[in-house]
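Take a look at the structure below.
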Amino acid sequence: MAKSDWCPRQSWYRLSGVPESDPQKKHGYQLENIFDEGHTIHDKWQRRLWDMGILDGMWGCLVCEHKWWDTAPQECPQCSAPKRVLQYREVPVDGEERYLIVGHEDGLVRKSLVEVKSIGQGTLRMDAPDLLRANSVEGPKGRKIYDLDGIWRDLKSPLGSHLRQTNIYAAILIENGVEIDEIVFLYEYKSNQDVKEFRVKPSARIAKPMLDTALDIKYALEKNREVPRPGDREKTTKGCKECPWQTTCWTDKESNAKDRSPSDNAAEAGEHVEHRPRRVIRAGASAAAADRTAGAPRRRRSKVAP
Ligand code: SF4
Ligand SMILES: [Zn+2]
């Protein structure tokens with residue numbers, strides 16, 4: 001959802017339970033490695049904030065399975081199990097009822113939402129291609145040679161998809177009554193493990209258009225109507241080529257009404273058709289992965305932060 005080329009129609013297909021016409025390949029070994037490395041970096045920063053005694057969020061006890069909201073606990077309040085068998089369950093973001101959106105933020109420290117990101121070439125290729133271009137030269141046989149330190153030096157603000165993701169989460173958390181004054185990005189660079197911190201204020205201007213689109217999708221699902229194809233799509237654009245519903249989408253007659261909004265469709269809708277959405281939209285970086293593993297068992301629903 002936070003990707004710049006997010007297609008609401010694709011989310012609508014997934015939520016409607018339409019079988020994939022073009023199932024995508026499962027993750028390769030390299031991608032699994034990238035995900036695991038990302039998890040390790042998150043664990044490291046969360047552990048440090050926990051040891052500092054300032055990490056707020058949801059916690060779980062591996063002994064008695066108790067779950068509770070707390071600040072850096074040292075033992076389970078229910079069975080007194082020690083810290084080593086406690087797990088940080090992050091900051092659950094529950095916007096399922098209103099937007100069909102759920103997710104987790106990496107941390108909360110004194111009203112600052114914390115987002116940890118490992119930054120590598122892949123992230124920057126998607127989110128900051130100009131930065132890569134400005135720090136590369138053409139080498140032998142036309143190969144690109146990157147100035148890795150230069151890329152890191154010139155990264156001076158959070159990346160677009162990270163801003164969109166955290167602002168969706170921040171907006172939902174604020175609606176749920178969690179106090180948030182700022183969003184802190186901790187960026188760790190894969191090539192030299194250096195770290196940068198960026199701090200921004202939550203922005204309703206960034207979150208609102210995406211939340212409005214999520215409401216459109218929900219409305220279309222409730223009325224059993226279609227979400228139109230975004231006007232700038234071609235069958236051959238990258239997002240469509242990798243879409244699990246590409247064939248269905250481009251052979252579906254109704255989808256040619258691409259300039260109609262779900263609200264337009266709904267205005268003409270007949271009787272109400274009961275329709276239960278099967279899954280939720282995920283705003284985080286693993287949304288693409290979630291799309292690829294459609295059909296996997298649904299994650300356990302999180303509790304709402306107080
Ligand atoms: S094929 Fe393209 S337009 Fe259609 S749902 Fe997929 S991404 Fe969206
Ligand atoms: Zn316990």
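On a predicted model such as this, the values are computed, not experimentally measured, just so you know. Just follow the structure's listing: the first ligand is 1, and inside any ligand the first atom is 1. Sequential numbering from 1 along the given sequence is applied to the chain's residues.
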| salt bridge (charged side-chain N to carboxylate O under 4.0 Å, His left out), paired with Glu188, selected from Arg48, Lys196, Lys44 |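 When Arg48, Lys196, Lys44 are each tested with Glu188, the salt bridge (charged side-chain N to carboxylate O under 4.0 Å, His left out) holds only for Lys44.
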Atoms of ligand 1 close to [X] [distance to a heavy atom under 4.0 angstrom, numbered from 1]:
| X | value |
| --- | --- |
| Trp250 | 1 (S) |
| Gln246 | 1 (S) |
| Cys243 | 1 (S), 5 (S), 6 (Fe), 7 (S) |
| Cys249 | 1 (S), 3 (S), 4 (Fe), 5 (S) |

| task | Compare every heavy atom of Tyr88 with every heavy atom of Met58, then report the nearest pair and how far apart it is. | result |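 So the two residues come closest at O-CD1, 3.5 Å.
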| field | For Thr71 against Gly53, the heavy-atom pair lying closest together | value |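 Result for this residue pair: CG2-O, 3.8 Å.
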| query | Can an N, O or S atom be found in Cys7 less than 2.8 Å away from atom 6 (Fe) of ligand 1? | reply |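 Checking Cys7: none of its N, O or S atoms is under 2.8 Å.
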Identify, for [atom], the protein heavy atom at the shortest distance, and state residue, atom and that distance.
| atom | answer |
| --- | --- |
| atom 5 (S) of ligand 1 | Gln10 N, 3.7 Å |
| atom 2 (Fe) of ligand 1 | Cys240 SG, 2.2 Å |
| atom 3 (S) of ligand 1 | Arg229 CG, 3.0 Å |

| Cys76 atom SG and Cys61 atom SG as seen from the Zn ion (ligand 2), angle to 10 degrees |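 Approximately 110° at the metal, rounded to tens of degrees.
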| task | With the Zn ion (ligand 2) at the centre, find the angle made by SG from Cys64 and SG from Cys79, to 10°. | result |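 Roughly 110°, rounded to 10°.
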| said: With side-chain contact (heavy atoms from CB on, under 4.5 Å) as the test, pick out the partner of Tyr187 among Leu159, Asp194, Val195, Val116. | reply: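 Of Leu159, Asp194, Val195, Val116, side-chain contact (heavy atoms from CB on, under 4.5 Å) with Tyr187 is met by Leu159 alone.
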| field | Flag for Asn167-Ser203: side-chain donor and acceptor within less than 3.5 Å | value |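 Ser203 vs Asn167: no donor-acceptor pair found between side chains.
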| request: Decide if atom CD of Gln193 counts as having more than 12 heavy atoms of other residues, nucleotides or ligands within a radius under 6.0 Å. | output: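 Atom CD in Gln193 is packed in, count exceeds 12.
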| task | Give a yes or no answer on whether the side chain of Tyr189 reaches the backbone of Ile151 with a donor-acceptor pair at less than 3.5 Å. | result |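 Not confirmed, Tyr189 side chain does not pair with Ile151 backbone.
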